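Working notes, beginning with the structure itself.
Residue numbers begin at 1 in each chain, while the letters A, B, ... track the order of the sequences. Just so you know, these numbers use all the heavy atoms, side chains as well, and skip hydrogens, waters and symmetry mates. Everything numeric in this text was worked out from a predicted model, so none of it was measured.
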2 protein chains.
Amino acid sequence: MELSKTSYVILGMLRLGRRTGYEIKSLVDVSTRHFWAASYGQIYPELKRLEDSGMITGEAEAQGGRQRRAFTLTPLGEEALEAWIASGGSLHIELRHEGMLRFFFADATGQDEQVELLNTIRREHEAVREQLTDIRGGAEAAHIERGERFPLMTVDFGIAYQDFIVNWCLDTERKISESPEKRS
Amino acid sequence: MELSKTSYVILGMLRLGRRTGYEIKSLVDVSTRHFWAASYGQIYPELKRLEDSGMITGEAEAQGGRQRRAFTLTPLGEEALEAWIASGGSLHIELRHEGMLRFFFADATGQDEQVELLNTIRREHEAVREQLTDIRGGAEAAHIERGERFPLMTVDFGIAYQDFIVNWCLDTERKISESPEKRS
DNA sequence: GCTCACATGTAATCCGTTACATGATTCT
DNA sequence: AGAATCATGTAACGGATTACATGTGAGC
């Protein structure tokens with residue numbers, strides 16, 4: 001049984017406790033989103049498949065009239081999760097960066113546009129950096145309260161990563177501004 | 001007329017000279033692939049669409065019996081390319097990193113597996129770094145011979161980016177090895 | 001003669017997002 | 001009363017990869 005990466009996201013989130021599809025999505029949005037996103041359109045069908053294969057079990061919680069199905073990881077699911085984390089082999093690593101793509105072709109424009117492009121890129125990454133600092137508190141709390149170290153280390157990686165790109169933008173902007181323009 | 005990002009890749013590559021679909025694909029593989037990949041399954045249909053909309057023109061080159069259609073950028077295509085590079089607004093930036101995803105959930109495994117995971121991640125990025133250094137010579141030549149600065153800057157960004165992650169892996173490995181394991 | 005690089009394309013498939021449809025509960 | 005949040009799901013669509021099908025030309 002081949003599990004998609006996104007199904008491991010679900011298994012991983014359920015390992016931290018009993019959760020609904022909605023809660024999984026919310027958690028993803030404040031934790032893994034920056035290196036692995038997931039939408040309702042993936043999560044709900046995948047929950048069904050994982051239940052069918054016995055990796056998770058869902059129980060309806062009648063609280064009032066609101067429908068709500070919370071899922072728990074089964075031993076089988078936990079095993080699959082741990083095997084995936086520990087499995088060697090190649091990783092799916094993929095970057096799509098429209099900013100870098102434009103930058104690659106930026107010989108086609110003038111210096112002003114080049115600098116403006118770098119500013120646009122930098123602003124995007126600064127915004128993400130800010131989101132990550134907002135999130136960090138929660139990850140820190142999870143570390144202190146429940147001993148979960150890795151979510152915090154992951155957020156800190158994310159912040160350092162955004163900083164790296166922001167600084168590259170600033171350095172490169174300086175470099176471009178200083179050296180004379182040669183329009184090709 | 002809405003162009004996809006990948007069609008701009010094609011326009012951008014054609015701006016550097018007359019090229020076949022095959023050549024565009026080869027070029028992408030040694031230049032933009034690390035932040036924007038493209039496959040034949042996208043390139044050939046997209047060439048057709050771009051030709052239909054008048055952004056590029058293709059001419060058959062009868063050299064021997066081998067079929068070959070090389071494309072050139074039209075003024076319309078060049079305009080579209082430049083407008084895209086200079087256009088502000090939000091950029092499509094997306095990262096999918098299975099290594100970070102596993103790392104996020106790594107509280108579920110032991111210290112040995114955690115260290116091994118970091119090694120796996122590091123090795124992947126070292127491999128990409130090596131590919132980029134192989135490419136760099138070509139980008140440098142393009143700079144010196146044809147004044148194309150941005151491809152070289154982009155490769156250098158890529159190398160620095162890989163180095164950043166490699167170093168993070170090394171730092172984090174040290175951190176994990178030093179501090180006592182607390183299995184949750 | 002064989003293999004590799006050149007060269008063009010399409011079909012099936014996968015993965016993922018967006019938009020839509022529906023409704024209950026809680027907070028202001 | 002109205003808005004925001006909780007909650008579940010599906011259908012349409014888009015973007016991209018993989019595998020397949022086909023054939024030429026150059027070098028060993």
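With ring centers used as reference points, A:Phe103 lies under 6.0 Å from A:Trp168. Note: B:His34 and A:His97 fail the aromatic proximity criterion, with ring centroids not under 6.0 Å apart. Checked against the 6.0 Å centroid criterion, the rings of B:Trp36 and B:His92 qualify as a close aromatic pair.
Between A:Arg68 and C:dT25 there is no side-chain polar atom (N or O) within less than 4.0 angstrom of OP1 or OP2. Using a 4.0 Å cut-off, some side-chain N or O of B:Arg96 falls inside it from OP1 or OP2 of C:dT17. Here B:Tyr40 does not reach the OP1 or OP2 of C:dG9: none of its side-chain N or O atoms lies under 4.0 Å away. Phosphate contact (OP1/OP2 of C:dT8, side-chain N/O of B:Tyr22, threshold under 4.0 Å): absent. Listed pair A:Gln67 / C:dG23 fails the phosphate criterion, with no side-chain N or O lying under 4.0 Å from OP1 or OP2.
Checked for salt-bridge contact, B:Asp52 and B:Arg49 miss the test: no charged N lies under 4.0 Å from a carboxylate O. Ion pair B:Asp171/B:Lys175 not flagged as a salt bridge, since none of the NZ, NE, NH1 or NH2 atoms sits closer than 4.0 Å to an Asp/Glu carboxylate oxygen.
In this structure, B:Lys25 reaches neither bases nor backbone, as no heavy-atom distance under 4.0 Å exists between it and the strands shown. Looking at heavy-atom distances under 4.0 Å, B:Thr20 makes contact with sugar-phosphate atoms alone, never a base. Using a 4.0 Å heavy-atom cutoff across all strands shown, A:Gly21 reaches sugar-phosphate atoms only and no base atom. A:Arg19 comes within 4.0 angstrom of no nucleic acid atom, judged by non-hydrogen atoms across all strands. Contact annotation for A:Thr6: backbone-only contact, meaning every heavy-atom pair under 4.0 Å involves sugar-phosphate atoms and none involves a base.
Relative to the side chain of B:Arg66, the nucleotides C:dT17, C:dA7, C:dT10 differ in distance, and C:dA7 lies closest. Each of C:dG9, D:dG9, D:dT18 was ranked by its minimum atom distance to the side chain of B:Tyr44; first place goes to C:dG9. In the set C:dT10, D:dT10, D:dA16, C:dT10 carries the atom at the smallest distance from any side-chain atom of B:Pro45. Here the side chain of A:Ala37 is nearest to one of C:dT17, D:dG23, C:dT10, namely C:dT17.
Remark on DNA chain C: of its neighbouring residues A:Gly41 and B:Lys48, the 5'-side contact belongs to B:Lys48, judged by nearest-heavy-atom nucleotide. The residue among B:Ala70 and B:Glu94 whose nearest nucleotide of DNA chain C is located toward the 5' end is B:Ala70.
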